[in-house]
*Asks:* 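Mind looking over this structure? Questions follow.
Each chain gets a letter, A, B and so on, in the order the sequences are listed, and its residues count up from 1. All values derive from a computational prediction rather than experimental measurement.
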Amino acid sequence: MPVANSSPIEVYLADQLTEAIARAGFSLPEGARVEIEVPREEGHGDWASAAALALAKSARRPPREVAAAIVKAFSCDPGVLDRVEIAGPGFLNFHLAAAWLHDTLRRIVADPDTFGATDAGRGERILVEYVSANPTGPLNIVSARAASFGDALVRLLRASGYAADGEFYVNDWGLQAELFGASVRTRFAEARGAAAPAIPEEGYAGSYVGELAADLDPAQGAEWLALPEEDQRRRFGAWGIERMVASQRVALERFGVTMDRWFPEGDLHRSGALDVVLGRLEQAGHVYDRDGARWFRSTTFGDQDDRVLIRSNGIPTYSLADAAYHGNKFERGYDRLIDILGPDHHGHVTRMKALVQALGYDPARFEVILLQWVKLLRGGEVVKMSKRAGDFVTMEELVDEVGVDAARFFFLMRRGESPLDFDLELAVKRSEENPVYYVQYAHARIIHVLEFATGQGVPTPDPAGARLDLLSEPESEAVLRLLASFPSLVASAARAHEPHRITTYLKELAAKFHVFYHHHRVVTPDASLTAARLLLTKATGAVIRRGLGLLGVSAPEAM
RNA sequence: GCGCCCGUAGCUCAGCUGGAUAGAGCGUCUGCCUCCGGAGCAGAAGGCCAGGGGUUCGAAUCCCUUCGGGCGCACCA
């Protein structure tokens, strides 16, 4: 059976193993899948499975005996697998054939831009909602982290065969929008010496509001100032929000992030989607009246308290709009929804899951990833940020200071759930302390070596005829194995929704390549050896480029 | 008070959803440029995976509990 290029190798091995288990007369527990993984220890094979240990109990036989029976029943393409060994208490260690590694290397060189892509996601439609910052101010550093994470996740999912889209939910409706409108209005009036109410207590006092107001056509603004208070807020608010959204879009584009869709909350209100969703909740018996308000019985679904959907003043809450929004996402045909939220949205998760469930959707189809805060440092000193006073580091300022590459790479070095220390000084440092440069340097070095070879008159190596068996030193083989594991890594990072695994991998690959490079000359008097090493070098460059591409980080040819 | 996240080397963190002898970078100490890019490499030291109980063939990983951090608990978003 040939191995599909579009499927990670471990899927193939797991399938073969599953068949062998059945043939040997064992049965897996209901719904269980054979687990296959990369062993921590080198020397324990390229892949390993503990299936025999897991089966030993129900089979009432010693693990090693079970393992032996499975191995006996195991059959596999010898071009893929060299051998299967039983080790320790009953682990199955799979050793890949050198021929398979060599084929993989040829595949990378032949098609460098698609290596790592698989169909593991089987076309499942996923909507990733991220950033979704209020359109009442510039994007800040937490948004920058969310942008890096969400965009990398979308790229990862796509590379793994999911049909993923990225979306920004624009909160252009409700109290915040109104307060923003009032703030813009006041700044505009102040600049023109006109009388106006002070900025509300909870309004927006940042200096950017004044700068924004200065952009408004004076005649237009004056006309609006003549309107009643409520209309003033609405007009100035709508105008200001449109401008803020546009500038957020520009900032994100500059950061390398393009949303597939910007979804305005106002659309839901205008289309009557809230009423529809409320009706569905009522019909399902999850709504009741109390104290003049309409409540959602979210305690049914494990929430701590019931939540208000319609306030006693008749205005719907954000929760109801959010329910309508998520219903809308499902109606658009997405199989799964992922919300990437900031840590301040913690309290919403249970409520949102409850609403999704109450609307009749499988809660397993809705996942929330909570990113933690970013602590901004400059040379070890904490940089204070206070959104209230409008005194915070914006995404644009961050990019100005450290650049897109360093910013994105740093944000993706940690798991999303971990708080992140971001040291501005370290991010721009061009030294070994800075992992961005470590990886990018490896790429630049590779390009340089390839150019050097060409300059020496070395012919472009032919993958088909190359003696790849010459790549037998430990340092070469380590690089080769790591390259071959890239598609599996991408698939697992996508499945786990953990882009940081790519970052970790790239640091490791760069390190292994530096070691190889240090121990062996690429360009040697031996033409066959040179060709083999050039291919390995070329493939490494390609995979680094691919990996950085998944993170939205550039791979410079020279530094 | 209730709920969620976190606690791994001096520091910052990985550890692939329970596997074999817990890893990397930085920092510290010692070495390596006549040689394809030294923004690199080699080596040393550094650990009761916060503490305690449990689950099982097997736990940093799952459950309970204590301690210590972070964040949420609106008819704001």
Side-chain angles (χ1 to χ4, degrees), chain A residues 35 37-41 43-44 48-50 53-54 56-57 62-63 87-91 93 132 134 136 171 173-177 179 202 265 290-295 302-305 307-319 321-322 342-350 370 372-373 380 413-415 417-421 423 426 429-435 437-438 440-442 444-453 455-456 458 488-489 491-493 495-496 498 500-501 503-505 507-508 510-511 514-515 517-524 530 533 537 558-559:
Chain A
E35 301 277 343
E37 63 203 5
V38 179
R40 196 150 41 193
E41 286 295 314
H44 288 160
S49 175
L53 282 82
K57 193 170 189 182
F91 291 101
N93 291 344
S132 296
N134 277 336
T136 52
N171 300 123
W173 194 272
L175 184 63
Q176 296 306 319
L179 289 169
E202 297 294 322
E265 181 186 347
R290 189 182 52 178
D291 304 333
R294 313 216 68 193
W295 294 73
D303 203 355
Q304 283 188 272
D305 300 298
R307 307 291 171 178
V308 171
L309 295 173
I310 306 280
R311 303 182 185 104
S312 48
N313 63 8
I315 296 173
T317 61
Y318 179 82
S319 292
D322 223 4
D344 49 334
H345 284 71
H346 199 121
H348 296 262
V349 179
T350 319
L370 280 175
Q372 288 303 313
W373 290 113
M413 282 196 301
R414 305 275 174 264
R415 283 171 29 228
E417 307 87 61
S418 305
L420 176 76
D421 287 354
D423 196 315
L426 175 60
K429 220 181 234 179
R430 306 194 158 212
S431 75
E432 74 279 4
E433 294 169 65
N434 188 337
Y437 286 97
Y438 185 78
Q440 289 187 324
Y441 178 70
R445 183 181 238 183
I446 283 166
I447 298 298
H448 188 268
V449 171
L450 296 176
E451 280 168 0
F452 173 84
Q456 294 291 302
V458 177
S488 305
L489 173 90
S492 78
R495 192 167 48 91
E498 293 187 349
H500 78 275
R501 290 189 197 178
T503 317
T504 305
Y505 171 89
K507 287 193 282 183
E508 193 183 343
H514 285 312
V515 172
Y517 177 85
H518 193 263
H519 284 83
H520 308 287
R521 281 191 66 86
V522 175
V523 179
T524 69
T530 301
R533 287 181 178 167
T537 302
M559 298 171 69

*Asks:* Rounded to whole Å, how long is the line connecting atom CE of Met413(A) with atom C1' of G25(B)?
*Replies:*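 Atom-to-atom, Met413(A) to G25(B), this comes out as 9 Å.
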*Asks:* Distance check, C1' atoms only: A9(B) and C71(B), in whole angstrom units.
*Replies:*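 It works out to 28 Å between them.
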*Asks:* Using side chain to side chain contact (heavy atoms under 4.5 Å, CB included) as the criterion, point out the one residue from Arg414(A), Gln372(A), Arg415(A) that pairs with Leu420(A).
*Replies:*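 Testing each of Arg414(A), Gln372(A), Arg415(A) against Leu420(A), the sole residue satisfying side chain to side chain contact (heavy atoms under 4.5 Å, CB included) is Arg414(A).
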*Asks:* Considering Watson-Crick and G-U wobble pairs with both distances under 3.5 Å, what does U21(B) pair with?
*Replies:*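 Pairing partner, where one exists within any strand: none, as none qualifies.
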*Asks:* Which value, in whole Å, describes the distance between the C1' atoms of nucleotides C75(B) and U12(B)?
*Replies:*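 Per the computed distance, 44 Å lies between those C1' atoms.
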*Asks:* Could you tell me the separation between the CZ atom of Arg415(A) and the P atom of A14(B), rounded to a whole number of Å?
*Replies:* 5 Å
*Asks:* Look at all strands and tell whether Leu175(A) reaches a base, only sugar-phosphate, or nothing, counting heavy atoms closer than 4.0 Å.
*Replies:* sugar-phosphate
*Asks:* Evaluate whether the aromatic ring of His44(A) and the six-membered ring of the A20(B) base sit under 5.5 Å apart, centre to centre, with an inclination under 30°.
*Replies:*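 Base of A20(B): stacked against His44(A).
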*Asks:* I'd like the C1' distance from C26(B) over to C64(B), given in whole Å.
*Replies:*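 About 37 Å, rounded to a whole number of Å.
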*Asks:* Per the atom types in the model, does the base of A77(B) pair as donor or acceptor with the side chain of His348(A) at under 3.5 Å?
*Replies:* yes
*Asks:* Taking CZ from Arg307(A) and P from C73(B), how many angstroms apart are they, rounded to a whole number?
*Replies:*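 Result: 9 Å.
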*Asks:* Could you identify the nucleotide paired to A42(B), looking across every strand shown and requiring Watson-Crick or G-U wobble geometry with both distances under 3.5 Å?
*Replies:* U30(B)
*Asks:* Which base, if any, makes a Watson-Crick or G-U wobble pair with U56(B), both distances under 3.5 Å?
*Replies:*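 Answer to the pairing question: none, since U56(B) forms no Watson-Crick or G-U pair.
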*Asks:* Determine the interatomic distance between C1' on A24(B) and the same-named atom on G15(B); round to the nearest Å.
*Replies:* 10 Å
*Asks:* Between the base of A20(B) and the side chain of Asn93(A), is there a donor and acceptor pair under 3.5 angstrom?
*Replies:*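 Side chain to base: pair found, below 3.5 Å.
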*Asks:* Has His345(A) got its ring stacked on A77(B), by the test of a centre gap below 5.5 Å and a plane angle below 30°?
*Replies:* yes
*Asks:* Please tell me which of the listed nucleotides, A14(B), C75(B), A20(B), lies nearest to the side chain of Ser312(A)?
*Replies:*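 Closest nucleotide to the Ser312(A) side chain: C75(B).
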*Asks:* Looking across every strand, which nucleic acid part, if any, lies under 4.0 Å from Ser418(A) by heavy atom: base, sugar-phosphate, or nothing?
*Replies:*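 Ser418(A): backbone/sugar contact only, no base atoms under 4.0 Å.
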*Asks:* In this structure, how many angstroms lie between the C1' atom of G38(B) and the NE2 atom of His514(A), rounded?
*Replies:*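 Whole-Å distance recorded here is 11 Å.
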*Asks:* If pairing requires Watson-Crick or G-U wobble contacts with both distances under 3.5 Å, which nucleotide is the partner of U61(B)?
*Replies:*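 Its partner is none (no Watson-Crick or G-U wobble pair with both distances under 3.5 Å).
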*Asks:* Across all strands shown, which nucleotide pairs with G7(B) by Watson-Crick or G-U wobble geometry, both distances under 3.5 Å?
*Replies:* C67(B)
*Asks:* Heavy atoms under 4.0 Å, any strand shown: does Lys57(A) hit a base, just sugar-phosphate, or nothing?
*Replies:* sugar-phosphate
*Asks:* Could you state the CD-P distance from Glu417(A) to C13(B), rounded to the nearest angstrom?
*Replies:* 13 Å
*Asks:* Taking atom C1' in both C16(B) and G53(B), what distance in whole Å separates the two?
*Replies:* 29 Å
*Asks:* When you compare G47(B) with A60(B), how far apart are their C1' atoms, in angstrom units rounded to a whole number?
*Replies:* 12 Å
